[in-house]
Amino acid sequence: MNFFSKSNNSLIFKRRQEIVEITPWGNGLRLRATQNHSFSGKDWALDITCETTGTIKINEKKASISNGKITAVITEFGKISFYNNEDKLLLKEYYRSWDYGTENWEDLDQIVMVRAAARSYKSVGGDSYHTTVRFEADDNEKIFGMGQYQQSYLNLKGCSFELAQKNTQASVPFQLSSSGYGFLWNNPAVGRATFGNNMTEWDAESCREIQYWITAGDTPSEILENYMQVTGLPPIMPEYALGFWQCKLRYQTQEELLTVAREYYRRKIPVKVMVVDFFHWPQQGDWCYDRNYWPNPKEMAEELEKMGMKLMVSVWPTVDRQSIHYREMADRDLLVRCDRGLAVTMDCFGMEQFIDITNPEAREYIWNICKKNYRDNGVELFWLDEAEPEYTKADFDIYRYYDGPALECANEYPVQYARAFFEGEKKDGVKNPINLIRCAWAGAARYGALVWSGDVPSTFTQLKNQFMAGIHMGMSGIPWWTADIGGFHGGNIHDPKFHELIMRWFQFGSFLPVMRLHGDRDPHDKKPLGSSGGGMCASGADNEVWSYPKEVEEMMIKYIQIRESLKDYIGAAMMEAHKKGTPVIKALFYDFPEDSNCWENQEEYLLGHDLLVAPVMEANVRSRKIYLPKGVNWKDAYTGTIYTGGAYHEVSAPLDKIPVFVKEGCEIQFS
């Protein structure tokens, strides 16, 4: 019996209850598998048409399909292995059984009494299944990517990740392997990915089908560029966004924000973006200014523009029952449904429901309101907060979206949130939209998503975690990434220990894709201005450069000026991200894959291709050991001193300085 066939460009395998389809897609292969009678029709992150023509070979015992530098081989029992163009095994499904129907022992070393299939399906009702896919582990493999998790590992081998969106956690399920392949779990279901020493396992709690995409390449850059071609490239980063952004929790009034902006302007400190944070509105879901505190928003934006500053405004996807839009949105089914209990998804100064942003009608609805109340009043970019969304109770089995039960599609929420504003702004004539957002999934980059790492605590441990988060996000196809300089929670502006932390964080933030000062600072001496609307929420302490002691202020101004001097250099890195998907910040091995030390380095990174940044991420450190990749010499960005590549060096790192090195031949030098 032959279980193989060809349909258009795809290789089809049918045996017992299962259908498997492997299709050439971009420079890789897209696999779908189901025990339903047909596939769901959902493309998820692969909704850019990238179907190509591969090479299919079929005989009775096995079949293969090749495209780009990767080949999939599937046996008559349904076991799948992937090889590169040099016939090197890259990835092999995990099986621990034999087929009783044929009594054929395929691999005696792998026989165990417990049956374990690579692809398993467990019904959870209707045509939905709890699915699991398992692959053999490789002891020599290193794994990178997977989005943003608050952890300190560069090599993710041995780690386990919840596939769910939460504040400070962005699940972007793409892994880049040192073995020479990239793998996208193209499934927005809630689940888990485990890169164990005994097996790799991808798990979805509820879905209609297994779906993933795989590619092969000779270098990390080739692999990532293949991935970005099928999920989408970011737009061009606007020039203003390359400068310094001023933000705090929270400017309570229009006059307070303008007073700060005017002081920066008077001091000739270049600020490119000023931010109106949350609870500037009468009610969640009104999506407009509370005119009691923000009386002339258009005039505010015009004044900022004259000072060379753009205006960003926070938008939450929450709709309070007291909102002027709640009844209409509920009647039109534009809100996330609750299958059980009260129709409440968040409890924050009232009872709210999240807008169902997976619904095209809801995306158009929120944009039209924000255009009228914000965009038409001079707002240049939006801060898409609460983008996970942040359920008060993250019981995903309760919630239901336009695209299906939350268990099946919750992880796509931030992509559709970014899409709503991107498409609205494009329609409104914005050439290259950019919006700050607190979460992401695969494909978010093409919708102008600038992801920040959420409400992380103000500690050195969290500073190091943000270093890792930024590197992995770039490897996950999210080149626009940043973090709150100083962390969000717990930084007291009068505490010398926090002064050291924010100096180190500010230095690090100066060499990120976007440089943004933000945080909920202590002490909380800003009282609420009223009992309703935009006055009901208090604020944290001041968070401007002059809010800190003189030595801190001077250091901050110095690095703002360094940032300004790097505008053309960072702009070139952003253009490369736009054209190829290249991370703006990247692990050393990305440019130096032949240098084994670069695969192990967890404390340095490249900004663009010519700047090596070695942040200090521990307290009381005034010098540190650095490694400079081989094959090129490097010079100290401050002194011009030349250092030999391929060697370790002990360098000075006083409190007011972050070690930065420039590839020899590059003309950058800081004054």
Side-chain angles (χ1 to χ4, degrees), residues 148-154 168 248-249 452-472 481-512 515-524 540-560 562-563 585 587-588 600-605 607 612-627 636-638 648-661 670:
Q148 171 184 277
Y149 293 85
Q150 299 305 317
Q151 54 84 35
S152 60
Y153 296 102
L154 180 64
T168 76
K248 66 158 285 185
L249 184 98
W452 100 96
S453 58
D455 300 343
V456 299
S458 298
T459 68
F460 274 101
T461 296
Q462 292 300 325
L463 171 57
K464 187 160 190 175
N465 286 349
Q466 304 330 295
F467 170 93
M468 289 301 176
I471 297 301
H472 286 300
W481 180 90
T482 190
D484 293 347
I485 289 178
F488 184 74
H489 289 298
N492 190 311
I493 64 172
H494 305 303
D495 183 356
K497 292 182 179 179
F498 181 63
H499 298 160
E500 179 178 9
L501 173 66
I502 198 168
M503 289 176 79
R504 292 307 194 188
W505 210 314
F506 201 95
Q507 294 159 15
F508 169 62
S510 303
F511 297 93
L512 292 180
M515 180 185 185
R516 172 174 160 271
L517 180 62
H518 185 53
D520 182 10
R521 301 290 176 247
D522 291 331
H524 270 236
D542 294 339
N543 192 44
E544 293 72 49
V545 299
W546 56 81
S547 306
Y548 299 94
K550 194 67 175 176
E551 64 273 16
V552 180
E553 177 186 351
E554 290 176 351
M555 185 230 71
M556 289 180 169
I557 294 172
K558 171 186 172 182
Y559 279 94
I560 291 173
I562 287 175
R563 178 76 181 198
I585 60 171
L588 301 188
E600 305 293 337
N601 192 294
Q602 298 196 124
E603 296 184 330
E604 302 162 31
Y605 65 95
L607 171 62
L612 184 149
V613 185
V616 176
M617 296 178 285
E618 296 178 1
N620 304 314
V621 171
R622 301 296 182 265
S623 67
R624 58 156 298 180
K625 187 178 183 180
I626 56 105
Y627 177 77
D636 186 298
Y638 305 90
Y648 290 91
H649 305 272
E650 188 73 23
V651 299
S652 174
L655 184 54
D656 64 347
K657 176 183 171 183
I658 180 174
V660 179
F661 296 85
F670 307 149

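Side chains are part of it too, since the values below use all heavy atoms of this structure and drop only hydrogens, waters and symmetry mates.
- Q148 and W481 form a side-chain donor-acceptor contact under 3.5 Å, judged by distance and modelled atom types alone.
- When all heavy atoms of N492 and P523 are compared, the pair lying nearest together is OD1-CD, 3.9 Å.
- Between V616 and P659 there is a side-chain heavy-atom pair separated by less than 4.5 Å.
- Between the side chain of R504 and the main chain of K657, a donor-acceptor pair closer than 3.5 Å is present.
- Between the CD1 atom in I626 and the CD atom in E650 there is a gap of 9.0 Å [rounded to 0.5 Å].
- Note that CZ of F661 and CD of E604 are 8.0 Å apart. Values are rounded to the nearest 0.5 Å.
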Before giving the answer on side chain to side chain contact (heavy atoms under 4.5 Å, CB included), spell out for I493 and D522 the whole-Å C-alpha distance, their side-chain angles and the decisive distance to 0.1 Å. CA-CA 6 Å; I493 64 172; D522 291 331; over 6 Å; no
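- Atom CD in E603 sits 4.5 Å away from atom NZ in K464 (nearest 0.5 Å).
- Distance check, rounded to the nearest 0.5 Å: NE2 of H649 to OH of Y627 gives 9.0 Å.
- Aromatic rings of Y605 and F467 (six-membered ring for Trp) have centroids within the 6.0 Å cut-off, being under it.
- Here the straight-line distance linking atom CD of E618 with atom CG of L501 works out to 12.5 Å at 0.5 Å rounding.
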Check against side chain to side chain contact (heavy atoms under 4.5 Å, CB included), N465 and Y149: CA-CA 8 Å; N465 286 349; Y149 293 85; over 6 Å; no
Under the side chain to side chain contact (heavy atoms under 4.5 Å, CB included) rule, what do I485 and H518 come out as? Steps first, then yes or no, please. CA-CA 6 Å; I485 289 178; H518 185 53; over 6 Å; no
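- For the residue pair Q150 and T168, the shortest heavy atom distance occurs at NE2-O, 2.9 Å.
- Checked by atom type and distance alone, the side chain of K248 never pairs as donor or acceptor with a backbone atom of D520 at under 3.5 Å.
- Summarising the geometry of S458 relative to G486, their closest heavy-atom pair is OG-O, 2.6 Å, with the distance given to 0.1 Å.
- Using bins of under 30°, 30° to 60° and over 60° for the plane-to-plane angle, the ring pair F670/F511 lands in the tilted bin.
- The stretch residues 490-501 participates, sequence neighbours left out, in these salt bridge (Lys or Arg N to Asp or Glu O under 4.0 Å) pairs: E500-R622.
- Within the 3.5 Å criterion, the main-chain N or O of F460 finds no donor-acceptor partner in the side chain of W505.
- The two atoms that bring H489 and D455 nearest to each other are CD2-O, 3.3 Å, heavy atoms only.
- Between L612 and L588 there is a side-chain heavy-atom pair separated by less than 4.5 Å.
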Test side chain to side chain contact (heavy atoms under 4.5 Å, CB included) on L463 and T461; report intermediate values, then the result. CA-CA 5 Å; L463 171 57; T461 296; over 6 Å; no
Could you pull out all donor-acceptor pairs under 3.5 Å where a side-chain atom in residues 546-557 meets a protein atom, sequence neighbours excluded?
| residue | atom | partner | partner atom | Å |
| --- | --- | --- | --- | --- |
| S547 | OG | E544 | N | 2.9 |
| S547 | OG | E544 | O | 3.0 |
| Y548 | OH | R521 | NE | 3.3 |
| Y548 | OH | N543 | OD1 | 2.7 |
| E553 | OE2 | R267 | NH1 | 2.7 |

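- Residues Q462 and V456 approach most closely at OE1-CB, 4.1 Å, considering heavy atoms.
- One finds the CZ atom of R563 at 7.5 Å from the OG atom of S510 (value rounded to the nearest 0.5 Å).
- Inter-residue side-chain proximity for M617 and F508 is flagged as unmet; no heavy-atom pair is nearer than 4.5 Å.
- Contact record, Q602 with S152: OE1-O, 3.9 Å, taken as the closest heavy-atom pair.
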